[in-house]
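Every chain is numbered from 1 and lettered A, B, ... according to where its sequence line falls, protein lines coming before strand lines. Side chains included, hydrogens not; waters and symmetry mates left out as well; all remaining heavy atoms used.
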2 protein chains.
Amino acid sequence: MLQIDPASPVPINDQIKAGLRGLVARGLLKPGDLAPSIRGLAASLKVNPNTVARAFRELALEGFLESRRGDGNYVSDKAKRQVQQNLGGVRAGLNEALLSARRGGLPWREVEALVQKVRAEEP
Amino acid sequence: MLQIDPASPVPINDQIKAGLRGLVARGLLKPGDLAPSIRGLAASLKVNPNTVARAFRELALEGFLESRRGDGNYVSDKAKRQVQQNLGGVRAGLNEALLSARRGGLPWREVEALVQKVRAEEP
DNA sequence: ATTAGTGTACTATAACACTAGTACACTATG
DNA sequence: CATAGTGTACTAGTGTTATAGTACACTAAT
């Protein structure tokens with residue numbers, strides 16, 4: 001349901017937060033739905049439960065999740081709206097990636113070609 | 001001549017290595033050329049000289065640079081070839097960023113718009 | 001009431017990236 | 001030779017990230 005890259009320099013808890021936001025953005029998780037449990041997600045991702053707990057705690061502080069002790073974490077009603085606002089951050093991330101690719105010497109033709117390829121391969 | 005993003009989770013020394021490879025990829029630095037000095041580059045990037053020294057040392061180990069103590073770091077003859085192989089990694093990185101942006105819910109027109117914007121703002 | 005599953009909280013430890021400071025060796029230049 | 005600039009090397013310390021272990025509080029199901 002969710003994937004991370006342990007080798008990435010991006011902190012795992014940040015990847016988890018982005019992943020959950022992405023699930024909502026794609027409609028796989030809706031406001032009112034129960035998010036995966038901390039221990040269960042930690043086991044499936046093979047990371048420490050504290051790392052997942054930290055991501056969930058921060059998402060709860062933002063109002064994205066509603067934690068019910070002994071029950072689980074529920075996607076809040078604001079989540080959908082927050083995901084829209086979060087698009088700015090997503091845009092910033094892609095912006096940085098484009099700059100990095102250019103600094104790395106990837107020609108614009110290759111950039112354009114890659115965009116088309118990814119688009120074509122999408123479901 | 002070289003740019004980095006101190007706020008990025010990508011280690012600065014990795015950014016410096018990528019930047020130097022990029023300069024060669026773009027033809028701004030050729031085999032035989034003298035690379036920027038460790039202290040000078042550290043000053044212009046506003047990072048610690050040891051951080052730059054580490055990047056240079058690793059590039060020298062890879063055979064990308066040739067260090068001449070008391071003189072400077074020269075771009076090796078193999079550098080050009082190494083950069084070509086490295087482009088695959090750069091492409092893979094951008095590919096992953098595009099997928100992440102899509103998972104984050106960024107529409108295709110926004111992706112296209114961002115590509116054009118970055119391209120337009122480039123020196 | 002008991003049990004299993006859940007979230008929460010805290011400390012300690014380790015690894016990594018980076019900073020800071022210092023010292024030394026070498027080369028080019030005058 | 002003297003100087004300035006260069007690369008190299010080492011130690012110590014800081015902050016971040018993640019892990020490991022433990023304990024506690026609550027809820028749902030039986």
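- Distance CD1 (I4(B)) to P (dA17(C)): 15 Å, rounded to an integer number of Å.
- For the pair Y74(A) OH and dT6(C) C1', the computed distance is 10 Å after rounding to whole Å.
- For R102(B) (side chain) and L106(B) (main-chain N/O), a donor-acceptor pair under 3.5 Å exists by modelled atom type.
- Evaluation of the side chain to side chain donor-acceptor pair (under 3.5 Å) rule for D77(B) yields no partner, not counting sequence neighbours.
- Rounded to an integer number of Å, the gap from CG of L34(A) to P of dA28(D) is 12 Å.
- The closest donor-acceptor contact from the side chain of S76(B) to the backbone of L65(B) lies at 3.5 Å or more, if one exists at all.
- Remark: R103(A) engages E96(A) in a salt bridge, criterion side-chain N to carboxylate O under 4.0 Å.
- Rounded to whole angstrom, the span from the CG atom of D5(A) across to the P atom of dA18(D) amounts to 12 Å.
- Contact annotation: T51(A) side-chain N/O to dT19(D) OP1/OP2 distance is under 4.0 Å.
- The structure places CD of Q15(A) at 11.0 Å from CD of Q3(A), a figure rounded to the nearest 0.5 Å.
- Atom CG in N48(A) sits about 17 Å away from atom P in dA12(C), given to the nearest Å.
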Within the sub-3.5 Å range, which N or O atoms of nucleotides 7-11 of chain D have a protein N or O partner, and how far apart are they?
unit_1 : atom_1 : unit_2 : atom_2 : d
dG7(D) : OP1    : I38(B) : N      : 3.4
dG7(D) : OP1    : N73(B) : ND2    : 3.0
dG7(D) : OP2    : I38(B) : N      : 3.0
dG7(D) : N7     : R39(B) : NH1    : 2.8
dG7(D) : O6     : R39(B) : NH2    : 3.0
dT8(D) : OP1    : S67(B) : OG     : 3.4

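- Among dT17(D), dA17(C), dT19(C), the nucleotide with an atom closest to any side-chain atom of R54(A) is dT17(D).
- Legend: residues meeting side chain to side chain contact (heavy atoms under 4.5 Å, CB included) with R68(A), ordered by chain and number and at least two apart, are E66(A), D71(A), Y74(A).
- In this structure, K17(B) places its NZ atom 11 Å from P of dC18(C), rounding to the nearest Å.
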